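Computed from a prediction, not measured in an experiment: that's the story for all the values here. Letters A, B, ... are given to chains in the order of the sequence lines, protein chains preceding strands, and every chain is numbered from 1.
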Number of protein chains: 2
Amino acid sequence: MDQPSLDELNLLHASVCQALGDPKRLLILYALAERPRHVSALAADLDIPQPTVSRHLQVLRDRHLVTTERDGAAVVYSLAEPRVIGVLDTMRLILRDSLARQSGYLATAAEPL
Amino acid sequence: MDQPSLDELNLLHASVCQALGDPKRLLILYALAERPRHVSALAADLDIPQPTVSRHLQVLRDRHLVTTERDGAAVVYSLAEPRVIGVLDTMRLILRDSLARQSGYLATAAEPL
DNA sequence: ACCATGTATTCGCCTATCCGAATACATGGG
DNA sequence: CCCATGTATTCGGATAGGCGAATACATGGT
């Protein structure tokens, strides 16, 4: 309702970016992009302790990057905004370009992703 | 030359996102998107102390988000990857959508950006 | 060589983040 | 009602991030 000022938007923007700025959280988001999952499934699939996963999910939830739904005693986490994955993919693409540019303009091509 | 493993790429990705996860750095990047600038010009335009700007620029430089070029005694900073701004804009768009969705699905439309 | 301007760095402090370990809490079944 | 399973939270410690203030460094001009 109260529409954010530009400054507030900037702060939110930064806080979302910061949430994306952790390797494990990126793994979690990409995992959820494949399919929604239980916390325990994420923990198992990514080989990260359950409490750690839970805390990271909380961060992502605070930033509205994931949503939850109960499934009995378990909780299903899903991407709140699938478009975010597109953004992340674009960043990765840029990153690879940038890396390629750094280490020799004439380097032979490398595998994708 | 050494092409990064997926894990390494993930780490780089996270570190770049983290660099984006600070309000002042976002302001700096958007300012540089308008036009390359001296450190002092950034400091003046954004009303941020020069040493602070310098430190943030260093972070952005470490992540290869900006590049430098000497201009006499001054230093011109530019965006290393203009595409990053597109990514940031997309994120902002998503953010606004998300905010709109949160605070009432039927809320009257608000101004852009 | 010196000075003025512009940029980078250091220091100390405070806050925030991340983690492992342990524990609390919630849900549904028997 | 109690237990098993699954999830969230707390605690403590280590690490990293951010800032103001002061200072060091670099460059070009005179």
Side-chain angles (χ1 to χ4, degrees), chain A residues 7 10-29 31-32 35-80, chain B residues 7-8 10-32 35-80:
Chain A
D7 254 25
N10 191 51
L11 283 176
L12 287 171
H13 191 174
S15 104
V16 167
C17 285
Q18 202 210 8
L20 301 176
D22 179 275
K24 290 178 182 164
R25 285 198 285 267
L26 287 179
L27 290 177
I28 289 173
L29 288 173
L32 292 181
R35 56 195 151 79
R37 261 173 257 223
H38 291 179
V39 177
S40 52
L42 282 171
D45 296 350
L46 303 178
D47 196 39
I48 300 174
Q50 175 269 320
T52 299
V53 171
S54 191
R55 270 176 309 197
H56 282 304
L57 284 171
Q58 163 122 358
V59 172
L60 296 173
R61 197 146 83 113
D62 289 346
R63 268 72 162 189
H64 302 99
L65 289 168
V66 299
T67 58
T68 61
E69 183 189 358
R70 289 219 79 102
D71 175 25
V75 178
V76 182
Y77 278 81
S78 320
L79 284 188
Chain B
D7 254 24
E8 287 168 339
N10 192 50
L11 283 176
L12 288 172
H13 191 173
S15 102
V16 168
C17 285
Q18 202 210 10
L20 301 176
D22 179 275
K24 290 178 183 165
R25 285 198 286 267
L26 288 178
L27 291 177
I28 289 173
L29 287 173
Y30 273 111
L32 292 181
R35 55 194 152 80
R37 259 175 258 222
H38 290 180
V39 177
S40 51
L42 282 171
D45 295 350
L46 303 177
D47 196 39
I48 301 173
Q50 176 269 321
T52 299
V53 170
S54 192
R55 271 176 308 197
H56 282 304
L57 284 171
Q58 164 122 0
V59 172
L60 295 173
R61 198 149 82 113
D62 288 346
R63 268 74 162 186
H64 301 100
L65 290 168
V66 299
T67 59
T68 61
E69 183 190 358
R70 290 218 78 103
D71 175 24
V75 178
V76 183
Y77 277 81
S78 320
L79 284 187

Does the side chain of B:His38 come within less than 4.5 Å of B:Val76's, by heavy atoms? yes
Is there a side-chain contact between A:Gln18 and B:Asp22, using heavy atoms and a 4.5 Å cut-off? no
Evaluate the side-chain proximity of B:Val66 to B:Leu29: yes if any heavy-atom separation is below 4.5 Å, no if none is. yes
The contact string for nucleotides 17-30 of chain D, one letter per nucleotide 5' to 3', using protein heavy atoms under 4.0 Å with B, S and - for base, sugar-phosphate only and none, comes out as SSBB-B----BS--
Quick one: A:Leu57 CG to D:dG6 P, roughly how many Å, whole number? 16 Å
Every stem of 3 or more Watson-Crick or G-U pairs under 3.5 Å that DNA chain D joins, in order of first number, is C:1-30 with D:1-30
A:Leu20 CG - C:dC18 P separation (whole Å): 12 Å
In terms of heavy-atom contacts, does CG of B:Asp71 have more than 12 from other residues, nucleotides or ligands at under 6.0 Å? yes
Rounded off to whole Å, could you give me the CD-to-C1' distance for the B:Glu69 and C:dG6 pair? 16 Å
Side-chain contact, heavy-atom cut-off 4.5 Å: A:Leu46 with A:Val53? no
In whole Å, what is the span from the NE2 atom of B:His38 to the C1' atom of C:dA8? 16 Å
C:dC19 P sits how many Å from A:Leu46 CG, rounded? 13 Å
Could you state the OH-P distance from A:Tyr77 to D:dG6, rounded to the nearest angstrom? 15 Å
With heavy-atom distances below 4.5 Å as the criterion, would you say the side chains of B:Thr68 and B:Leu57 are in contact? no
In the structure I gave you, are the side-chain heavy atoms of B:Val59 and B:Leu65 within less than 4.5 Å of one another anywhere? no
side-chain contact (heavy atoms from CB on, under 4.5 Å) involving B:His64 - partner list, sequence neighbours excluded: A:Ser98, A:Gln102
Rounding to a whole Å, what distance do you find between B:Arg37:CZ and C:dG6:C1'? 17 Å
